[in-house]
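For reference, the structure is listed below as structure tokens.
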Amino acid sequence: MYRVNKKLAEIFEAIGSIYEFKGPKERFRSIAYHNAARIINDLPEDIREHIQDGKFIKTYGIGKSIEEKIFEFLQTNQISLFNDLQKEVPKDFLTLMKVQGLGPETLKRFYYDLNLSTKEQIIEALQDGRILQLKGFQKKKVNNILSALLKKTETDERLPLWDAQEISTSIVHMLKTIPQIQIIDIAGSLRRQRETVGDIDLLIAAKARDRKAIIRHFVSLDEVENLYAEGDTKASVYFKSFKRQVDIRIVTEDQWGAALQYFTGSKAHNIHLRKLAIEKGFKINEYGLFTVDENKKIAGENEEGIYHALGLECIPPEMREDTGEIELAAEGLIPKLITIDDIKGDMHTHSKWSDGHSSIEEIADYISSHQKYDYIVLTDHSKSEIIAGGMNEDQFMKQLKEIKKVNKKLGRDLIKSGTEVDILPDGTLDLSDSLLQTLDWVVASIHSHFNQDNTERIIKACRNPYVCAIGHPTGRVLGSREGYPVDMERILDVAAETGTAIEINGHSHRMDINDRWAKRAIEKGVTLVIGTDSHNTGNYSFMKLGVAIARRAWCTKDHILNTSDWAKIEAFKRRKLERIYMTH
Ligand code: DGT
Ligand code: CA
Ligand code: CA
Ligand code: ZN
């Protein structure tokens with residue numbers, strides 16, 4: 001999610017809750033701010049993209065007065081109304097209202113009926129039975145609130161990879177101004193590109209005598225709020241604006257490889273590696289690889305050296321989870337993982353024709369100047385997606401003409417026609433077969449009935465000869481919605497059997513299917529495609545998240561269809577058609 005959006009949404013949420021706390025006469029204000037918070041939270045792009053010539057391009061249900069607050073925030077980084085309102089509620093209120101079971105209404109009663117205004121006072125009153133005496137507070141409710149209050153919140157949550165990448169990039173940028181730093185890189189789960197990240201680990205190489213100065217500089221950055229730990233070679237701090245813990249570790253240049261290997265992990269990978277080292281008469285730590293008998297340093301300057309000394313091929317960070325990669329490396333069988341440069345096109349994007357923000361021409365211009373793609377598929381929504389501006393068959397035919405026009409102007413077939421067609425509740429599709437047959441690429445996705453088991457629905461879609469791929473197959477949305485119930489093993493089997501591709505949706509909110517399912521898919525011989533589900537030009541870079549999932553799934557470029565030129569994609573479609581008609 002975009003940091004401005006997130007911050008604004010948080011403030012609006014808080015304003016809404018303060019109005020709620022203030023009572024019934026502020027009810028409409030409260031609703032308006034809560035609404036605005038939700039709308040901004042759901043925006044697929046940076047809110048600043050919605051402003052042009054000092055105006056909102058679209059209002060999105062946001063009224064004039066809230067619009068002014070948005071401008072105020074973008075210009076001054078604060079909202080004066082919010083500063084004033086905060087003085088009207090107890091100090092801990094804003095953090096407390098986010099605790100499960102403690103809405104503004106409840107807090108109001110604690111405050112007015114029992115005169116409780118801090119977290120400590122509330123905990124005490126929950127424990128000593130005072131709250132039990134309030135009407136409507138039975139034992140179970142009290143216990144739930146108590147355990148929610150005692151549990152750490154918010155910062156305990158793991159951070160989606162995209163956010164972690166943005167944050168770490170900006171921190172690395174800040175630190176690069178420190179002249180004593182020789183090398184700086186990310187480590188930990190972030191370097192392994194896990195889909196969520198617990199904390200951010202950074203590694204620095206510098207001369208021993210410069211460490212103190214670097215650490216002092218780091219911990220006194222404006223952004224740093226809390227210092228958890230500070231030592232000779234490390235510091236652990238809390239970054240205010242990112243609400244995240246960041247660990248730095250400083251080593252000397254000759255220890256770089258050993259330290260990078262050690263702090264990249266994973267823990268399980270490292271433990272296995274250490275066992276292997278001991279078997280071979282070595283010991284390994286963050287300073288290097290040493291012989292046990294003479295304590296002689298064998299390797300440590302770079303990671304390759306460490307792995308090679310242990311008789312292993314160097315293992316890409318994304319594979320380091322101790323799930324068989326060390327055994328593979330011992331046999332020299334580490335696959336050549338796909339890279340972003342292998343990608344020849346994007347298989348899932350939306351234009352202004354449905355709920356995207358760019359016209360076909362704008363997309364063509366942007367892709368031509370920013371990507372080395374051979375093709376990009378427009379997969380706008382089908383008619384039952386009313387809110388998302390889904391299109392009927394006639395509109396798709398019109399869009400087809402527009403695509404031809406733009407391609408002609410470009411002088412090449414960059415833009416491919418397609419759709420993300422809805423799989424309806426009964427498993428049939430939202431567009432006619434004759435239209436689907438005309439399009440270059442058909443992704444079929446589920447956008448409704450999330451609570452039912454959707455296995456059969458998806459399987460039925462796989463059996464349609466014109467469905468090329470299943471979009472965001474589990475339907476999960478990171479941090480807000482679990483996937484619908486679905487038997488993914490069966491779906492993968494049917495995908496393999498029918499020659500239907502399975503999508504790795506790289507959108508930062510989705511990352512669907514994830515690395516584990518993608519690995520399972522290729523084990524079963526399923527072809528994967530990566531799409532970004534872009535709704536604006538900023539989204540095309542989600543391709544790197546899709547590639548991250550594929551790398552963590554041990555995919556080579558041969559596993560991913562959109563590393564091929566378009567002719568191979570046509571062949572893939574033909575194979576599916578033949579297969580379906582042969583079995584009928
Ligand atoms: P996270 O932050 O929960 O997403 O996961 P990681 O993998 O980034 O874990 P973190 O930040 O606790 O530690 C970073 C790396 O440091 C970890 O991947 C491996 C290494 N490490 C940490 N603790 C240990 C340990 O007790 N033994 C070994 N061998 N390595 C460790
Ligand atoms: Ca970490
Ligand atoms: Ca850490
Ligand atoms: Zn979709």
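Atom set for the values below is all heavy atoms of this structure, side chains included, hydrogens, waters and symmetry mates excluded. Whatever order the structure lists ligands and atoms in, that order sets their numbers, starting from 1.
Remark: at the Ca ion (ligand 2), atom O from Asp199 and atom OD2 from Asp201 enclose 100°, rounded to the nearest 10 degrees.
Centroid-to-centroid, the aromatic rings of His472 and His447 come within less than 6.0 Å. For His507 and His348, the distance between ring centers is not under 6.0 angstrom.
Taking a cut-off of 2.8 Å, the protein N, O or S atoms nearer than that to the Zn ion (ligand 4) are Glu420 OE2, His447 NE2, His472 NE2.
Atom-to-atom distance recorded for Ser354:OG and Lys383:NZ is 14.5 Å, nearest 0.5 angstrom.
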Checking side-chain hydrogen bond (donor to acceptor under 3.5 Å, both in side chains) for the pair Asp512/Asn505: CA distance, chi angles, key distance, verdict?
-> CA-CA 5 Å; Asp512 181 12; Asn505 187 302; over 6 Å; no
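Every residue meeting the side chain to side chain contact (heavy atoms under 4.5 Å, CB included) condition with Gln371, not counting sequence neighbours, appears here in chain and number order: Ile367, Tyr373, Tyr540. When the side chain to side chain contact (heavy atoms under 4.5 Å, CB included) test is applied to Asp426, the partners found at least two apart in sequence or on another chain are Leu424, Thr428.
Remark: the Gln452 side chain and the Asn454 side chain contain an N/O donor-acceptor pair separated by less than 3.5 Å.
The residues lining ligand 1, counting any heavy atom closer than 4.0 Å, are Arg158, Gly188, Ser189, Arg192, Val197, Gly198, Asp199, Asp201, Tyr262, Phe263, Thr264, Gly265, Ser266, Lys267, Asn270, Arg274.
The aromatic rings of His535 and His350 lie parallel to each other, their planes meeting at an angle below 30°, with 60° marking the opposite boundary.
With respect to Asp346, the side-chain hydrogen bond (donor to acceptor under 3.5 Å, both in side chains) criterion is satisfied by exactly one of Asn562, Thr532, Thr379: Thr532.
With hydrogens and angles disregarded, no donor-acceptor distance shorter than 3.5 Å links the side chain of Lys519 to the backbone of Cys555.
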